[in-house]
Amino acid sequence: MAGPIELNAFQLLMRDWTRLGPYNAGQALCVAGLPDPSRWQTAVQDVMSALRLGRPQVEGLRAFFYPVEAIHVPVVTDATLESLVGQQMNLPFAEDDFPIRFFIVTAPDRHWLLAVYNHWIADSFAMRSVIRNIFHRYCDSYARLAPLTLVAPSFRSLFGLYLGRFPLLTRIRMSSANSLRHLQAYRLNIADPLDFHSVVSLHQLPDGLVDNLRCQARILHCTVHDLFLAALAWACGRLTVADRYRSRRRHSRKKIALGTIVDIRHNASRPLTDVFGLYLSCCTMLVARPETRQLRELARSIGSHSRWIKQSDQAVRRFGTLKTAHIWYHLLGDPLHQAGFFQKASPTIAGISNVNLTGDWMDQNQADAAHGPQVLDYIRISPTGPLLPMVFTLTTIRQRLSLSVTYRTTALKQEGVDTVIADFRAALAELAQ
């Protein structure tokens with residue numbers, strides 16, 4: 001048995017959500033050539049054994065892990081990556097299941113190592129570290145594994161600097177302010193709050209687009225992420241404009257609220273590069289009439305607000321609101337009310353998870369393909385979960401920009417999502433000029 005580890009507020013909330021529906025995320029590594037299934041199997045087994053990750057058992061705020069004898073890594077030849085990901089994202093993990101499912105997906109000149117995981121167990125950074133170790137072991141049976149551990153200091157000791165001297169009062173104040181802000185936010189109609197079925201759509205954006213976006217971001221004094229937010233706000237504004245301004249609406253919910261998934265590891269009091277865990281927060285941004293604004297002006301405005309969020313460490317400071325939300329969530333008790341709680345308290349139309357992997361291990365492998373298997377691509381897939389009915393997940397490796405979109409079918413129809421994706425791409429193309 002390994003552990004115990006202390007679960008933070010976001011992990012506890014995620015885990016409780018899995019009692020209502022799946023909260024799975026995915027990472028996929030694309031490797032040139034045909035796979036060697038037995039080598040992949042051995043590599044996965046070795047890395048999981050070294051980490052001591054097993055079947056979880058949660059007792060209060062702590063999780064223990066019990067060893068598993070073998071981890072099966074099936075080879076899938078009769079499905080595309082997109083179809084398999086879509087199926088696995090909707091397949092819940094039982095409470096005592098091993099929390100990661102691995103697959104090898106074959107294609108004519110390449111193959112994918114796909115890992116779908118119960119999201120409360122790890123964030124994207126942690127899973128990339130695991131897949132790095134698996135790939136290195138696959139390439140070389142004797143490769144030295146980068147150290148990874150399940151055990152970490154308490155959340156308070158890592159982030160206490162940002163939580164204030166009176167954390168309870170701070171949480172109450174920030175939660176109240178957050179709820180008041182979202183009184184102006186447009187709320188999607190979720191036809192059945194207990195229907196958690198989602199669809200995943202994978203896209204490759206034009207090579208070189210991200211380079212042009214970097215140039216324009218510097219000119220506009222913002223970041224590429226701000227350009228992504230501007231494009232998504234504009235696209236979502238166009239999708240919902242008729243409903244937001246129809247005359248019979250009872251509430252003045254005319255702004256668009258967008259969420260950003262934020263990695264807070266770099267804010268910790270000690271480095272967390274060796275910790276397999278979850279250190280995420282979420283910030284929301286309200287945008288007024290995005291569909292009526294010039295994209296560059298919209299990007300500048302969003303950039304200004306983003307700078308304030310970073311300079312004031314809002315991502316970590318607002319983590320406390322997740323703890324308050326978790327308490328309210330428990331008090332509701334009834335699954336129907338729990339399922340609709342976040343869209344009522346903090347309605348958000350969509351969110352972005354954005355990671356630049358340029359210079360990371362998979363990029364370094366692409367630059368030096370002379371030794372062993374070559375990495376061709378790396379993509380990430382995010383869940384919708386309690387906060388977001390639609391998530392745009394963007395992953396950059398040098399000039400390559402991939403996009404995965406996950407959306408709840410009870411909140412959005414395919415035609416509407418297809419329109420948002422097309423408008424998002426068109427907005428990025430305009431911003432890149």
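Throughout, residue positions are numbered sequentially from 1 according to the sequence presented.
- A donor-acceptor pair under 3.5 Å is formed between the side chain of Asn90 and the backbone N or O of Ser198.
- Using a 4.5 Å heavy-atom threshold, the side chains of Leu394 and Leu403 count as touching.
- Between the side chain of Asp263 and the backbone N or O of Arg265 there is at least one donor-acceptor pair closer than 3.5 Å.
- For the pair Asp334 (side chain) and His337 (backbone), a donor-acceptor distance under 3.5 Å is present.
- Panel note: side chain Thr384, backbone Pro389; no donor-acceptor pair is recorded below 3.5 Å.
- A donor-acceptor pair under 3.5 Å links the side-chain atoms of Thr419 to the main chain of Glu415, judged by distance alone.
- His119 and Tyr117 have perpendicular rings, their planes meeting at more than 60° on a 0 to 90° scale where under 30° would count as parallel.
- Side chains of Phe342 and Leu388 form no contact here, defined as non-hydrogen atoms less than 4.5 Å apart.
- Checking side-chain atoms of Ser269 against main-chain N and O of Ser157 turns up a donor-acceptor pair under 3.5 Å.
- Residues Thr80 and Glu82 have side chains that never bring a donor and an acceptor to within less than 3.5 angstrom of each other.
- Put simply, the side chain of Arg425 reaches to within 4.5 Å of the side chain of Pro206, judged on heavy atoms.
- Side-chain contact check for Asp226 and Thr223: at least one donor-acceptor pair (N or O, by modelled atom type) lies under 3.5 Å.
- Side chain of Arg270 to backbone of Leu158: no donor-acceptor contact under 3.5 angstrom is found.
- Within the model, atoms CG of Leu376 and NE2 of His111 stand 9.5 Å from one another, a figure rounded to the nearest 0.5 Å.
- For the 3.5 Å distance criterion, the side chains of Asp211 and Gln399 qualify, holding a donor opposite an acceptor.
- To the nearest 0.5 angstrom, Leu114 atom CG is 11.5 Å from Cys30 atom SG.
- A donor-acceptor pair under 3.5 Å is absent between the side-chain atoms of Ser382 and the main chain of Thr393, judged by distance alone.
- Taking the six-membered ring for Trp and thresholds of 30 and 60 degrees, Tyr279 and Phe155 have nearly parallel ring planes, at less than 30 degrees apart.
- Distance check: Leu387 CG to Met14 CE gives 8.5 Å after rounding to the nearest 0.5 Å.
- Trp17 and Tyr329 have tilted rings, their planes meeting at an angle from 30° to 60° on a 0 to 90° scale.
- Here the closest non-hydrogen pair linking Ala315 and Ile264 is CB-CG2, 4.2 Å.
- Counting heavy atoms from C-beta on, the side chains of Cys236 and Met390 come closer than 4.5 Å.
- The two residues Arg52 and Phe65 have their closest heavy-atom pair at O-CB, 4.0 Å.
- Around atom CG of Leu336, more than 12 heavy atoms belonging to other residues, nucleotides or ligands sit under 6.0 Å away.
- Counting heavy atoms from C-beta outward, Thr18 and Pro92 have side chains that stay 4.5 Å or more apart.
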Stepwise side-chain contact (heavy atoms from CB on, under 4.5 Å) check, Phe93 with Asn24: CA-CA 8 Å; Phe93 286 87; Asn24 305 343; 3.3 Å; yes
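- Rounded to the nearest 0.5 angstrom, Leu357 CG and Thr396 OG1 are separated by 7.5 Å.
- The two residues Trp308 and Ser312 make their nearest non-hydrogen contact at O-OG, 2.5 Å.
- Side-chain atoms of Ile379 and Leu81, non-hydrogen and from C-beta on, do get closer than 4.5 Å to each other.
- Rounded to the nearest 0.5 Å, atoms CG (Leu428) and CG (Leu213) are 5.5 Å apart.
- Pairing each heavy atom of Val73 with each of Gln41, the nearest pair is N-OE1, 3.2 Å.
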Chi angles and distances behind the side-chain contact (heavy atoms from CB on, under 4.5 Å) call for Gln216, Leu431: CA-CA 7 Å; Gln216 293 302 316; Leu431 285 166; 5.8 Å; no
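- For Leu20, the CG atom counts as densely surrounded, since its 6.0 Å shell holds more than 12 non-hydrogen atoms of other residues, nucleotides or ligands.
- Between Gly60 and Leu12, the closest heavy-atom pair is O-CD2, 4.1 Å.
- Aromatic ring centres of Phe228 and Phe392: separated by at least 6.0 Å.
- For the pair Gln57/Glu95, no side-chain contact is recorded, criterion being any heavy-atom separation below 4.5 Å from C-beta on.
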Evaluation steps, side-chain contact (heavy atoms from CB on, under 4.5 Å), between Leu227 and Cys222: CA-CA 8 Å; Leu227 300 186; Cys222 62; 3.8 Å; yes
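- Looking at heavy atoms from C-beta onward, Pro99 lies in side-chain contact with Leu53 at the 4.5 angstrom threshold.
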Residues His225, Thr260; criterion side chain to side chain donor-acceptor pair (under 3.5 Å); working and verdict: CA-CA 9 Å; His225 183 79; Thr260 293; 3.2 Å; yes
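- When all heavy atoms of Leu280 and Phe10 are compared, the pair lying nearest together is O-CD1, 3.2 Å.
- Other residues, nucleotides and ligands place more than 12 heavy atoms under 6.0 Å from the CD atom of Gln204.
- In this structure, the side chain of Arg137 does not engage the main chain of Gln45 through any donor-acceptor pair within 3.5 Å.
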Derivation of the side-chain contact (heavy atoms from CB on, under 4.5 Å) call for Glu59 and Phe64: CA-CA 8 Å; Glu59 298 177 5; Phe64 299 83; 3.6 Å; yes
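- Side-chain atoms of Arg39 come within 3.5 Å of backbone N or O of Tyr138 as a donor-acceptor pair.
- Side-chain polar atoms of Gln27 and Tyr378 form a donor-acceptor pair below 3.5 angstrom.
- From Ile121, atom CD1 reaches atom CZ of Phe98 across 9.0 Å, with rounding to the nearest 0.5 Å.
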